[in-house]
Amino acid sequence: MANHSKAKRGIPPKSDFNSWYPAIVEIADLVDKRYPIKGMDVWKPYGLSAMNLIDQLARGEMLRTGHQEYRFPLLVPEALLDKENRLVSRLKAAREAGVDPSELRLDEEESGFKKEVYWVTHGGENKLEIPMFLRPTSETPMYTMFSLWVRSHADLPLKTFQIVNTFRYETKQTRSFIRVREIHFFEAHTVHADQHGADMQIQEDAEMVQRIMHDLCLPSLVSQRPVWDTFPGAWYTKAADVVMPNGRTLQVATYHHYRDQWAGAFDLSYEDPNGETQMCHQTTFGMSERLLGAVVGMHGDDKGLVMPPSIAPFQVVVMPVASHSDGNVIPAVQALAADLNASGLRATVDSRDVRPGVKHYDWEIKGVPIRVELGPRDLKSSKCVATLRTGGKVEIDLDEAPAKIRQMLLGISDELRNRANSLVSDLVQEFPIENLDSKDNLDSIIDEGIVYEIAFDGNDSDAEFLERKTGLTLLGECDDPFAEPRECLVTHNPTTKKQYIARMY
RNA sequence: GGGCCUGUGGGUUAGUCUGGUCUAUGCUUGUUGCUUUGGGAGCAAUAGACCCUGGUUCGAAUCCAGGCAGGCCCA
C-alpha cells in the first residue's frame, strides 16, 4: 500500500527497537531532540507531564515514609569534590588491595570523576579563584550541610529528598531519557544513628521501588551490584533493572548503603544519649527520567506509545463525532469530560475540527489508555463508545461512564503488567551451557538480545573471565537465590547464588 | 578508549562519486480558501533548505581541512 508508512506516521516497527525508540519519543511529542547540545533534549508538554506524574509517584512514597523535600544548589565548589575524591580513591584502593579502608592513608590520587562533570570557571569575565562544577549527584553538597544540621541523636533519622536536574558530561552515544547529559533526577538521602537504622532504610527503599514499578506496570530485576560496580563510597549498591525489548537492561533505580564511610569524609557525627560522639550511617536512593524511558520501551508498540494509566497525562480523551450535524454533541461531550474529571480521572476533550480518524491516530501514538467517542447516534441511546489502547471497543452507558472507565483503566494496568511479564519471561533465559570451557566458541550460543540467568559465585577475576567470554555484563546477585544449589558456571562450586548477565544500557 | 559513516525547507528525500545543467527534485507538513467530517478526505493557492568556519577554483550543495551535531561498530 502506497500510504503504508504514512499510516503509521513513519514509526519504524518495534521489532527494530534501536530505530523505533528514538523515533517514537519525538513522534509522540515527548521531547524535541533538535536542541543543539548533545544529550540535552527539550521536554515538550506531553513528555513533561508524564514525567511530572512519575515524580508525583516518587513524592507520594517519600511523604508516606516520612522524608522531607529539600532543594540544594546546582553548583558545587571544587574543594568539596576533592574531599569526595579522596574518599572514593581510598575505598577504591582498599577494594583493589583487599584490605580494610581504614588501614589506608589518604592519598591525592585523582579519580576519573573530574572528567565527567561540567565546570564553571568564569564569573563574567573574571576567572573564578575556586572553580565550581555542576552537580552530577548531590552527596557532596548535601553532606556538607548535613554535618552542620546533625548534632544530636534527636536529629536522627534525617530523611531527605530532592527532585532536581543533574549533569554529566557524557562522551558516549546519548539516547533520550536513557543516557543524557542533563538528567532529571530523584535522590533521597538519609542519615541514621547506626547501621541498623540504615539497614531498615534500605528495606524501605526496596519496597518503594517495588510500589513504583507496580504503578508503572514494569517488572524489574533487583540485584546487588558486584563490588567493582558499587557506587563510589558505598558499602553496597542494589539496583533495579528493567529488561528492554531488545534484551538490554536499563538500570532505573539504585539504593546504596554507605554505612559510616561517607560520614568519615564529611565529619558527620552526633552525640548519643550517653554524651559520646558517634559516626552517622547513611543511605541514598536514586531514580531518574530513565523510568520514563523504560515505560516507553516496555509498553509501546508498532502504533506508538502505551501509557500506563498511573502516569498517562490524559487517561481518557473524549472525541465529539459528527458534531456539525447535531448541536447537542459538543455540550454532551463537555459534560462527560467534566464528569470524568470530577471523579478524579484525567480526561480531556479533543474538539479539533479534523476527521475522527486523525484524532484516533494522534491519541493512539501518544498512548492514551482510553478514547471515548460520542456522537448523535450515541446521544439517542445515552451511550458512548470507548476504545482501549490495549485493544477492543466497548459501548458504555453515559451515567455509568466514570465508574466503568475507572474499572477499565485498572484492567488496562493489569493487561500491561501481563504483557510486560510475558515479554520479560521470553527475554530472560537460562544460560544454554553448563560450564564455560575456554575452548568453547560462544558466538553461536550467545544471543545478545537475551538476559541470561546463571549460577555464579566467583570472584573478580572469575567475573572478568565470564564477561570477556560472553561479551555480557554481570548485573549482580539477586535477592531470590536458587532453591537448590547449582554448579557455578565458572568455578564449578555448588552455589545458590542467582545472577544475571546481559548487555546493559 | 579505538574505528567507521552521515549532515539539503518542520519531517523525509533527489542531486554529491564525475564541480558549471541547482535560481535545488518529489512526497509530507504548515498557512489560506471552499467542499468535507462515526478510523488518516479532496481541490486550489501559498510558505519553506544545501550544518558552521576556512581552503582549492573563473566557478562549490558537490572537492579538502577543522569544528559542531547525529548515527553505527568494536573494546
Side-chain angles (χ1 to χ4, degrees), chain A residues 1-12 16-42 44 112 115-116 169-176 178-182 246 248 302-304 317-330 332-333 336 349-366 368 370-381 383-389 391-396 442-443 446 448-449 464-473 503-505:
Chain A
M1 222 169 121
N3 58 359
H4 179 72
S5 61
K6 178 190 160 197
K8 291 191 288 185
R9 289 251 172 95
I11 306 175
D16 180 10
F17 187 76
N18 297 337
S19 307
W20 178 88
Y21 182 88
I24 200 69
V25 296
E26 284 198 305
I27 296 171
D29 224 17
L30 300 176
V31 293
D32 193 325
K33 291 194 286 204
R34 291 172 300 178
Y35 190 74
I37 296 180
K38 179 187 171 77
M40 293 192 184
D41 297 345
V42 177
K44 299 191 73 179
K115 287 191 284 187
E116 292 178 3
Y169 179 70
E170 285 290 350
T171 53
K172 288 184 179 165
Q173 189 187 346
T174 56
R175 241 184 215 91
S176 302
I178 292 178
R179 172 168 276 123
V180 289
R181 284 173 156 183
E182 180 173 0
N246 61 357
R248 282 194 165 199
D302 284 352
K303 293 174 181 167
V317 171
V318 188
M319 311 186 314
V321 172
S323 58
H324 62 285
S325 65
D326 186 339
N328 294 322
V329 169
I330 295 288
V333 160
L336 175 58
V349 173
D350 184 353
S351 52
R352 289 178 298 164
D353 184 23
V354 293
R355 299 174 80 89
V358 174
K359 297 183 186 180
H360 277 290
Y361 280 99
D362 280 355
W363 296 113
E364 196 167 55
I365 286 168
K366 292 192 165 164
V368 172
I370 296 175
R371 309 188 291 274
V372 171
E373 280 175 82
L374 183 55
R377 221 188 275 161
D378 309 299
L379 275 182
K380 288 202 185 78
S381 55
K383 289 179 190 284
C384 58
V385 180
T387 308
L388 283 71
R389 181 60 178 82
K393 264 188 192 188
V394 253
E395 233 179 27
I396 51 187
L442 297 178
D443 289 354
I446 301 273
E448 289 192 334
E464 201 183 336
F465 170 76
L466 173 70
E467 293 190 343
R468 188 163 299 167
K469 189 80 190 166
T470 58
L472 304 174
T473 307
R503 289 181 82 200
M504 290 175 86
Y505 266 117

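In the text below, chain A, chain B and the rest are named by the order of the sequence lines, each starting its count at 1.
Distances shorter than 4.0 Å separate some side-chain N or O of A:Arg355 from OP1 or OP2 on B:A41.
Between the side chain of A:Glu373 and the base of B:G39, no donor-acceptor pair under 3.5 Å is found.
Under the rule for a side-chain hydrogen bond (donor to acceptor under 3.5 Å, both in side chains), the partners of A:Trp363 that lie at least two apart in sequence or sit in another chain are A:Asp350. Partners of A:Asp353 under the side chain to side chain contact (heavy atoms under 4.5 Å, CB included) rule, at least two apart in sequence or in another chain, do not exist in this structure. The side chain to side chain contact (heavy atoms under 4.5 Å, CB included) test applied to A:Ser381 returns A:Lys383, not counting sequence neighbours. For A:Lys380, there are no side chain to side chain contact (heavy atoms under 4.5 Å, CB included) partners, not counting sequence neighbours. Legend: residues meeting side-chain hydrogen bond (donor to acceptor under 3.5 Å, both in side chains) with A:Arg377, ordered by chain and number and at least two apart, are absent. Partners of A:Thr171 according to the side-chain hydrogen bond (donor to acceptor under 3.5 Å, both in side chains) rule, which considers only residues two or more places apart in sequence or in another chain, do not exist here. Residues satisfying the side-chain hydrogen bond (donor to acceptor under 3.5 Å, both in side chains) criterion with A:Glu464, sequence neighbours excluded, are A:Arg468. Taking A:Ala332 as the reference, A:Leu374, A:Leu379 meet the side chain to side chain contact (heavy atoms under 4.5 Å, CB included) condition, with sequence neighbours excluded.
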Exercise. What string of B, S and - do you get for nucleotides 43-51 of chain B, 5' to 3', if B is base contact, S is sugar-phosphate-only contact and - is no contact with any protein heavy atom under 4.0 Å?
Worked result: ---------

Would you tabulate the pairs of protein nitrogen or oxygen atoms and nucleotide nitrogen or oxygen atoms of nucleotides 10-12 of chain B closer than 3.5 angstrom?
unit_1: B:G10; atom_1: O3'; unit_2: A:Arg34; atom_2: NH1; d: 2.8
unit_1: B:G10; atom_1: O2'; unit_2: A:Arg34; atom_2: NH1; d: 3.0

Short heteroatom pairs, N/O only, protein and nucleotides 5-7 of chain B, under 3.5 Å:
none

Nucleotide N/O of nucleotides 68-75 of chain B paired with protein N/O under 3.5 Å:
unit_1: B:C72; atom_1: OP2; unit_2: A:Gln173; atom_2: OE1; d: 2.6
unit_1: B:C72; atom_1: OP2; unit_2: A:Gln173; atom_2: NE2; d: 2.1

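Comparing B:G38, B:G39, B:U37 by their closest approach to the side chain of A:Asp353 singles out B:U37.
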